Number of protein chains: 2
Amino acid sequence: MSDLLERLRGRGWRMTAQRRVVAEVLAGDHVHLTADEVHARAVAKLPEISRATVYNTLGELVTLGEVLEVSTDKRAKRYDPNAHRPHHHLVCAQCGSIRDVHPTGNPMADLPDSERFGFTVSDVEVTYRGVCPNCAKA
Amino acid sequence: MSDLLERLRGRGWRMTAQRRVVAEVLAGDHVHLTADEVHARAVAKLPEISRATVYNTLGELVTLGEVLEVSTDKRAKRYDPNAHRPHHHLVCAQCGSIRDVHPTGNPMADLPDSERFGFTVSDVEVTYRGVCPNCAKA
DNA sequence: AGATTGACTTAGACAAAGTCCAGTGTAGGG
DNA sequence: CCCTACACTGGACTTTGTCTAAGTCAATCT
Ligand SMILES: [Mn+2]
Ligand SMILES: [Mn+2]
Ligand SMILES: [Zn+2]
Ligand SMILES: [Zn+2]
């Protein structure tokens with residue numbers, strides 16, 4: 001995720017300890033943390049970081065297209081650093097765990113003109129729901 | 001929507017003025033109101049109805065499968081009375097208006113076993129995003 | 001019809017998620 | 001090493017949703 005920091009520097013971002021820490025927390029695969037989870041993990045690395053800064057930084061990253069907002073459950077938004085490979089989500093209805101998935105086919109092509117109501121459709125988001133192996137055996 | 005009231009009576013519900021008003025507010029096609037919008041419209045018909053009752057009633061309708069919860073934006077949940085014909089949603093990214101759509105094909109079949117991570121997948125939710133004709137011409 | 005009763009409703013306190021702002025601190029260019 | 005525009009902080013505030021104690025009333029019974 002240090003290439004992210006490079007890109008941000010290239011965009012004229014001031015490199016602060018807070019922004020570095022938020023970027024660190026977001027590293028990895030299948031990462032879909034809430035803002036408060038990001039804050040909690042950031043505090044572990046930099047105790048004085050404030051909630052407002054975490055919200056600001058996440059919001060900026062979303063605006064720049066470096067992070068996606070996902071709302072799989074009906075509670076807090078989740079922040080997804082996997083913004084450069086298009087994908088969808090598979091969510092456990094019981095424990096809420098989330099995996100990135102790459103379905104075949106193009107759901108966009110499945111929406112006929114007669115069902116578009118004059119909209120210019122630009123994007124589609126697919127959420128699969130089920131029970132994860134862990135919850136299934138319990 | 002009076003068949004809804006019938007079904008509720010059949011399930012042993014007490015028929016109160018509040019529940020009747022909430023059912024009335026939910027009548028129609030392409031209706032996807034937030035709880036507060038339902039409350040505002042209910043108050044117009046029955047001024048003393050409380051927020052708690054609207055939330056309770058909506059929750060009960062969801063539990064009974066008579067109304068669906070939808071979260072197309074990342075803000076408040078929306079309540080969808082079209083629970084008996086499966087469908088997906090087309091959302092205007094600018095004004096937030098929502099239409100029910102019926103895509104062809106079955107997105108569930110597009111998720112190969114290798115992308116299921118051992119989950120038992122039971123449901124899929126598709127949200128199309130774009131710009132509605134109204135916002136396009138402005 | 002009148003009495004009864006438990007389901008229903010209410011107002012308001014509370015909680016969680018997110019926004020906003022005034023004051024303070026600091027990254028990075030000169 | 002100074003400056004200053006940008007960034008950060010803490011706390012107040014808003015929105016969305018939940019909970020509870022006390023009061024009300026729909027449906028049933030007599
Ligand atoms: Mn993802
Ligand atoms: Mn709908
Ligand atoms: Zn699970
Ligand atoms: Zn629109």
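Values in this document were obtained by computation on a predicted structure and should not be read as measured data. Chain identifiers are assigned alphabetically (A, B, ...) following the order of the sequence lines, protein sequences preceding nucleic acid strands; residue numbering begins at 1 within each chain. Keep in mind that the numbers below use all heavy atoms, side chains included, and drop hydrogens, waters and symmetry copies.
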Base-contact (B) and sugar-phosphate-only (S) positions in nucleotides 24-30 of chain D, heavy-atom cut-off under 4.0 Å, - elsewhere: -BBS---

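- Residues passing the side chain to side chain donor-acceptor pair (under 3.5 Å) test with Glu60(B), sequence neighbours excluded: Arg19(B).
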Annotated protein contacts, base or backbone, on nucleotides 10-20 of chain D with a non-hydrogen cut-off under 4.0 Å, one of B, S, - each: B----SSBBB-

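- For Thr53(A), the side chain to side chain donor-acceptor pair (under 3.5 Å) partners at least two apart in sequence or on another chain are Ser50(A).
- Annotation: ring-ring contact (aromatic ring centres under 6.0 Å, His included) contacts involving residues 4-23 of chain A, sequence neighbours excluded, are absent.
- For His88(B), the side chain to side chain contact (heavy atoms under 4.5 Å, CB included) partners two or more places apart in sequence, or in a different chain, are Val101(B), Pro103(B), Val126(B).
- Between Leu61(A) atom CG and Leu26(A) atom CG the span is 7.0 Å, to the nearest 0.5 Å.
- When DNA chain C is scanned 5' to 3' for any atom under 4.0 Å from a heavy atom of chain B, the first and last hits are dG6(C) to dA11(C).
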Could you list the donor-acceptor pairs under 3.5 angstrom formed by side chains in residues 128-138 of chain B, with sequence neighbours left out?
residue   : atom : partner   : partner atom : Å
Tyr128(B) : OH   : Pro107(A) : O            : 2.9
Arg129(B) : NE   : Glu125(A) : OE1          : 3.3
Arg129(B) : NH1  : Thr72(B)  : O            : 3.4
Arg129(B) : NH2  : Glu125(A) : OE1          : 3.2
Arg129(B) : NH2  : Thr72(B)  : O            : 2.9

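- Heavy-atom neighbours of Asp29(B) CG from other residues, nucleotides or ligands within 6.0 Å: at or below the threshold of 12.
- Asp100(B) meets the side chain to side chain donor-acceptor pair (under 3.5 Å) test with His32(B), Asn82(B), His87(B), His89(B); sequence neighbours excluded.
- Axis angle, first five pairs versus last five pairs of the helix from dA1(C)-dT30(D) to dG30(C)-dC1(D): 20°, rounded to 10°.
- Using a cutoff of 4.0 Å between basic side-chain nitrogens and carboxylate oxygens, Glu24(B) and Arg41(B) are not scored as salt-bridged.
- Rounding to the nearest 0.5 angstrom, the gap separating the CG atom in Asp80(A) from the CD atom in Glu66(A) is 12.5 Å.
- Residues passing the side chain to side chain donor-acceptor pair (under 3.5 Å) test with Arg99(B), sequence neighbours excluded: His30(B).
- In this structure Arg14(B) satisfies the salt bridge (Lys or Arg N to Asp or Glu O under 4.0 Å) test with no other residue, sequence neighbours excluded.
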